[in-house]
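Beneath this line is the structure, given in structure tokens, with notes to follow.
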Amino acid sequence: MSVTTDESQQMHDAPSRATVVSLWKDYLAKLRGGDVGSLPAVLGLLVLVTAFSVLRPETFTKAFNFGNLIQQSAGVTIIAMGMVFVLLLGEIDLAAGYTGGVSAAVMSSLLTNHGWSTPLGILACLVTGMVIGTFIGLIVSRLGVPSFVVTLALFLALQGVMLSIIGEKGSIDSGDFVAKLNSETIPVWLGWVIAAVLVGAYAGLTWLSNRRRRRHGLTAQPMLLWALKSGFLALIVGLIVYYLSIERSPNAHIKSIKGVPIALLIIIGIALVLSALLSRTKWGSHVYAVGGNAEAARRAGINVPMIQLSCFMVGSTVAAAGGIMLASFSGGVNNVTGGTTTLLYAVGAAVIGGTSLFGGKGRVIDALIGGTVVAVIANGMGLMNQPDSRKYMVTGLVLLVAASVDAISRRRAAASGRF
Amino acid sequence: MSSGEPLLELRGVHKSFGAVHVLHGVDLTVRPGRVTALVGDNGAGKSTLIKGIAGIYPFDEGEYSFEGEHVKVHSPKDANDLGIEVVYQDLALCDNLDVVHNMFLGRELTKNGLVDEDTMESRARETLDGLSVRTLQSVRTHVAALSGGQRQTVAIARAVLWNSKIVILDEPTAALGVAQTEQVLKLVRRLADRGLGVVLISHNLNEVFQVADDIAVLYLGQMVGQVEANSTNRERIVQAITTGNVNEGDAA
């Protein structure tokens with residue numbers, strides 16, 4: 001150790017005696033280098049929320065609307081989280097919306113017309129998504145057809161499949177259980193317990209990991225940064241749960257609505273699982289490697305076609321889960337489930353949140369933040385009685401801005417050497 | 001150390017792509033603790049030869065012995081399993097990953113099914129320290145933020161991380177400035193001093209004479225000869241590269 005002492009001190013780039021000022025400077029340097037992460041999305045969210053709160057104080061800020069917003073956006077947000085895996089490879093899945101629609105239609109048909117049990121129906125839904133993802137993945141990875149073309153073709157074909165499953169009547173009911181997923185809430189106390197467990201787990205696990213890494217002389221997060229992050233997380237989670245715990249039913253004496261929506265739990269659960277897959281497993285590392293430099297990954301012995309295939313499978317399976325939430329929200333599957341703006345909002349959510357369309361950069365949490373931005377726009381514009389025409393124009397422009405931010409930050413990153 | 005048994009011996013290897021014969025009966029010997037420079041003009045077959053050794057384009061015929069035993073190398077994995085690592089000219093690093101993940105690319109360590117970041121980071125640092133690398137600020141820096149020389153260092157460190165026995169370097173200094181070239185050449189020398197067999201492909205004969213112990217000259221797919229660097233000189237090597245003739249007394 002004596003030989004390498006001065007060197008290892010040099011290499012320990014995370015001094016524990018960091019100050020707020022030094023952390024802020026590091027962060028600014030990172031931003032200037034083009035590594036903006038989800039900052040544009042968070043800033044955009046603040047601007048949007050402020051604007052709508054000022055313009056529509058009587059409706060937008062109501063707790064009822066907040067709960068509603070989460071349920072409206074659940075399907076799109078979940079599809080966007082699956083989309084991140086495909087985007088990380090620099091590919092795209094234009095069929096994700098209808099993948100959700102078809103899977104939900106299969107599930108609804110099995111539940112309502114064939115009398116399957118709910119768990120089997122949901123399983124069949126997810127399997128349908130996985131089969132569609134396998135199909136797309138095989139064509140992209142084995143035949144080398146660009147994913148843009150494959151999924152554009154499936155965008156149309158799956159729409160046809162969905163219509164033929166739905167049949168003449170124009171809609172299929174999804175059953176009581178599925179309907180509850182995106183309408184019911186959990187008891188207020190349970191919401192607080194889950195919130196406390198999540199924040200406690202985050203703070204505790206990161207603290208333990210930091211302590212262990214510092215002991216072994218590895219790079220570790222400064223204590224101050226850890227405290228700021230944990231405190232900020234506690235604050236945000238606390239505010240959300242507090243707001244959702246307010247009675248938000250317009251007629252509380254008939255039916256009380258309060259507590260965290262089940263939809264939010266499902267979103268957070270999926271986000272945690274997918275994040276762990278990406279950042280903690282070997283497979284996840286390989287996904288980033290293939291997205292960053294497919295040739296380097298191939299030479300390093302990574303099975304690139306297998307990574308491509310599996311990302312499309314994950315993306316489509318998650319899209320099927322999103323389809324369940326869509327069907328649940330509209331009380332069944334009809335000819336527009338997973339159609340109209342679903343796909344664009346999902347891609348938009350991922351990209352607005354900071355996932356790069358060029359591959360190699362992005363996190364599942366980005367889709368969550370971006371999904372919230374998209375949901376706030378749709379919700380707020382709706383409350384302002386704006387026609388769909390304007391809603392589409394604004395959302396389209398926001399997506400364009402997000403994609404441009406992505407391209408610009410990529411150029412800056414190339415210039416300054418950061419990714 | 002320097003005159004140990006050969007690590008790698010090729011005898012009469014052939015390789016063709018369709019009708020094009022690229023290698024005609026090439027011999028090559030790589031000994032531990034020695035830098036063997038592989039020189040030759042463009043199109044002489046240097047790249048094909050190392051890709052054959054690395055298992056990317058397996059040889060059509062000829063003997064491939066490793067540590068005195070005949071082996072069959074049909075894929076990059078076969079070569080890696082023997083302890084042969086190649087540092088390609090374009091480095092094959094992922095810009096979006098940090099130094100640690102690049103060094104373990106494709107071979108990440110796991111514990112209970114999860115990526116073992118702690119062990120990976122400490123092993124990456126040990127390897128860099130072992131090579132006396134002082135130019136990297138943090139092993140958690142993304143590779144995109146590194147200079148050409150630092151990237152080359154990461155690529156070389158990756159090659160030695162796996163207790164490899166032979167490291168093949170394809171023009172490691174081609175894109176570097178003077179100071180960085182010097183650093184990388186010192187690193188190449190240290191690899192050999194640690195007992196590895198090093199194969200260095202280079203167009204720069206100054207470099208070759210600076211670090212190489214043996215020089216092997218390829219000419220139009222044939223091995224003109226493999227000689228000790230201190231038994232020959234620049235003019236003879238240039239002549240061998242350009243005409244395929246070697247002066248008497250040089251052939252080892």
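Chain identifiers are assigned alphabetically (A, B, ...) following the order of the sequence lines, protein sequences preceding nucleic acid strands; residue numbering begins at 1 within each chain.
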Q) Taking all non-hydrogen atoms of both residues, which atom of A:Thr281 and which atom of B:Leu114 are closest, and how far apart? A) CG2-CD2, 4.4 Å
Q.
Looking at every non-hydrogen atom in both residues, tell me the closest pair between A:Ala300 and B:Leu105 and how far apart they are.
A. CB-O, 3.6 Å
Q: Inspect the surroundings of CZ in A:Arg280 and state if more than 12 heavy atoms from other residues, nucleotides or ligands are less than 6.0 Å away.
A: no
**Q.** Heavy-atom pairs under 4.5 Å with chain B, option from A:Ser279, A:Gly301, A:Ser285 with the top count
**A.** A:Ser285
Q: Indicate the atoms forming the closest heavy-atom contact of A:Lys282 with B:Glu108, along with that distance.
A: NZ-O, 3.4 Å
Q. Side chains of B:Glu121 and A:Arg213: closer than 4.5 Å at any heavy-atom pair?
A. yes
Q: Heavy atoms only: give me the nearest B:Leu93-A:Asn293 pair and the separation to one decimal.
A: O-ND2, 2.9 Å
Q. Tell me, side chain or backbone of B:Thr110 under 4.5 Å from chain A's heavy atoms, or both, or neither?
A. side chain
Q: Please report the closest heavy-atom contact between A:Tyr288 and B:Asn96, naming both atoms and the distance.
A: O-ND2, 3.0 Å
Q) Crowded around A:Phe358 CZ? As in, over 12 foreign heavy atoms under 6.0 Å? A) yes
(Q) For B:Leu28, I'd like to know if atom CG has over 12 heavy atoms of other residues, nucleotides or ligands within 6.0 Å. (A) yes
**Q.** Nearest-0.5 Å distance, CG of residue B:Asp95 to NZ of residue A:Lys361
**A.** 13.0 Å
Q. Backbone N or O of A:Gly217 within a donor-acceptor pair of the B:Arg125 side chain at under 3.5 Å?
A. yes
Q.
Taking salt bridge (charged side-chain N to carboxylate O under 4.0 Å, His left out) as the criterion, tell me which of A:Arg215, A:Arg211, A:Arg212, A:Arg214 meets it with B:Asp118.
A. A:Arg212
Q. Should we count CZ of B:Phe17 as having more than 12 external heavy atoms under 6.0 Å?
A. yes
(Q) For A:Ala296 versus B:Cys94, what's the shortest heavy-atom pair and its separation? (A) CB-SG, 4.2 Å
